[in-house]
Student: 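Just dropping this structure here.
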Amino acid sequence: MSEVNLRKVVKLFEGGVQAVRGIDLEIADHEFCVLVGPSGCGKSTTLRMIAGLEEVSEGEIWIGGTMVNDIPPKDRDIAMVFQNYALYPHMTVFENMAFGLKLRHFPKDEIKRRVDRAASILSIGELLDRKPKALSGGQRQRVAMGRAIVRDPKVFLFDEPLSNLDAKLRVQMRTEIKKVHQAVKTTTIYVTHDQVEAMTLADRVVVMNHGVIEQVGPPNELYHHPATIFVAGFIGSPAMNFIPARLVNAAGALTIQLGQGLSVPVPADRTARYAPHASKKLLFGIRPEHLTETTRTDKQNLAPITVDLDVIEPMGMETLVHFRIEGTPVCARVDPAAGAQAGAPMRLAAHMDQMHLIDADTGRVL
Amino acid sequence: MAPDGSARAIATPAPLRPARSPGVSSLERLARRRSTIAFVMTVPLILVIAGLVAWPAAYAMYLSTLNRRMTASVGFDNYMFMIESETFWMVAWQSCFFAITAVLLKALIGFWLAHMLHNLPVRGQRKWRGMLLVPWVIPPALSTLGWWWMFDPSYSSINWIINVFGFPDVPWLGHPWWARIAVIMVNVWYGAPFFMIMYLAALKSVPEQLYEAAAIDGATSSQKLFYVTLPMMQNIISITVLFSLIVTFANYDIVRVLTNGGPRDTTHLFATYAAQVGILSGHLPRGAAVSLFMLPVLAVAAFFILRGVTRRTREMM
């Protein structure tokens, strides 16, 4: 029983800054939940409130069936991994990992057993006698995780743990974290601003913006069915294209008018859903990977459009092409063999099953 | 672009050591070496130290081997005379007692003050920091005069306060032990702000996340102090204690103004005793010998303290 519940949680800083504006969140036992969002969205503050490092201004936080608002961090049975590792520089790796157990008066042989087990999970057995200064960034990160594991807490909290590592190590440590979670199965709350980390690690992703939760869901749901324009733009790289559009009802068939002479048909199964919004200011949203060369024939519902390419970015396994529709910059992902050339026109296909229509005024995906 | 139209590297990496070319004289090569440049640039400092430290020290050593009229060498006679003198051993004991007690008290009070200041809201902190630094800014000879008046047997304001609480007068400067306590009190009053400001800087440099990690690890406030704050401040504490130990051991002005070494030479320190023997009694070589006794004591303390600092710096920083 180590689920975490947040009920109408608010954080008000001195000077009236409202960092978190009444969020509700239920995190199940053993779940790996990732809070993601741009800096200043309140995700770290939320995590620090769960840890007990920040007071909760309003609302309730429950861990394992206990309301913890007034319980100090040490009695919440949580462990935290910090962005800068926060290892004690004067202690060896062993002492760093054993510190929490020592303060809780664990017997010496039990401490040794737990540290050795955590060290073997993280393969840092040979570093136990070193001081943090003598470790690389990745090794320090492992020690910080080891310090959390030995405690065997109800909840792991990770505060942007990979931000200080280089790109290659980040990918490697991401896998390690996932492996550790599979091994110890502790409920985990993980904060990051990197949507790739969020997508790869999470059972469920919580997207936050301006102190509120925009959407909660499994990674694939967020990718395929974003609820708001913010989530649609935040999840996925390169980001989704948003093109101002109008719905036109021509002889019973609904089309999306993207500009002078450029229109794409609305898929038949969505006509009824979109029809009532015909008079609104709309945005046509489509991911670069759903704007491809026309030669792919395995997909249904391809709408051809012809564009003049501005810039070509070959990435090896794919090529990104940039162009403009009525002044709006748009990016598409095409096959390197498709022969895209800057300055030349190219015929692309929009995968209409993957499109989104967004109400420009409310930001909601229709 | 090179003449043939091909792009040329913007900079070619310079060889680590300049190759020996016949056009460069060995003198020129010497002048170009980094170590030579470094030496030349530190020459002014070396001259200042030589003029203000090395020469007076060497002269004092030479002086200590002369007779009273400074006309002939007497070898180590001045030192031997001191070692056989009872007063000298009392001065040595009082110097150690004074320095160790005062430095300990300054360190404790400074640490306590620094902690109080550190935990004050930022806006109030500057005001209090400024006020608490006042004792350290006033010239000690001047502030000691104030203390001398407060300890005065006839109009002592401290005794007046003690009387209010029903205790009898204390002969502050007339009794050996009270006089020893009085000079230590004034020295602590004067020196504690220095410890406070050093410790405050050290406290501010401890990353907040270490305390947060300790809080989650289950540390109470006293455990945070012993397991995080103190180990993180150890180097600053060591260096401050060493510096203060040297300055306190060699103190002159407070004792000179407050007790002038009395009663019965019981509050003399090496410096005041050296001045009394060398200048007031007119035996300059013997005065020099007294002051030189400080050297080995402080050198040993400095060696051990600095060795610890170097080791910790290597391991932690």
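Lettering follows sequence order; numbering is per chain, from 1.
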Student: Chain A heavy atoms under 4.5 Å from Tyr227(B): which part of the residue, side chain, backbone, both or neither?
Tutor: both

Student: Is a donor from one side chain sitting under 3.5 angstrom from an acceptor on the other, for Asp129(A) and Thr92(A)?
Tutor: no

Student: Would you please name every residue forming a side chain to side chain donor-acceptor pair (under 3.5 Å) with Tyr199(B), sequence neighbours left out?
Tutor: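 Tyr199(B) satisfies side chain to side chain donor-acceptor pair (under 3.5 Å) with no other residue.
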
Student: Taking side chain as everything from C-beta outward and backbone as N, CA, C, O, which of these in Gln223(B) sits under 4.5 Å from a heavy atom of chain A? Side chain, backbone, both or neither.
Tutor: side chain

Student: Determine whether a donor-acceptor pair (N or O, by modelled atom type, separation under 3.5 Å) exists between the side chain of Arg147(A) and the backbone of Tyr85(A).
Tutor: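 Flag set: sc Arg147(A) to bb Tyr85(A) pair under 3.5 Å.
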
Student: Suppose we screen for side chain to side chain donor-acceptor pair (under 3.5 Å). Which residues come up paired with Lys131(A), at least two apart in sequence or across chains?
Tutor: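 Residues passing side chain to side chain donor-acceptor pair (under 3.5 Å) with Lys131(A): Glu315(B).
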
Student: Tell me, side chain or backbone of Arg48(A) under 4.5 Å from chain B's heavy atoms, or both, or neither?
Tutor: side chain

Student: Does any N or O in the side chain of Asn5(A) come within less than 3.5 Å of the main-chain N or O of Glu26(A), such that one atom is a donor and the other an acceptor?
Tutor: no

Student: Between Met91(A), Arg130(A), Lys102(A), which residue shows the highest count of heavy-atom pairs closer than 4.5 Å to chain B?
Tutor: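 If we count pairs closer than 4.5 Å to chain B, Lys102(A) comes out on top.
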
Student: Measuring heavy-atom distances to chain B, does Leu53(A) have an atom under 4.5 Å in its side chain, in its backbone, in both, or in neither?
Tutor: side chain

Student: Side chain, backbone, both or neither: which part of Leu87(A) has an atom under 4.5 Å from a heavy atom of chain B?
Tutor: backbone

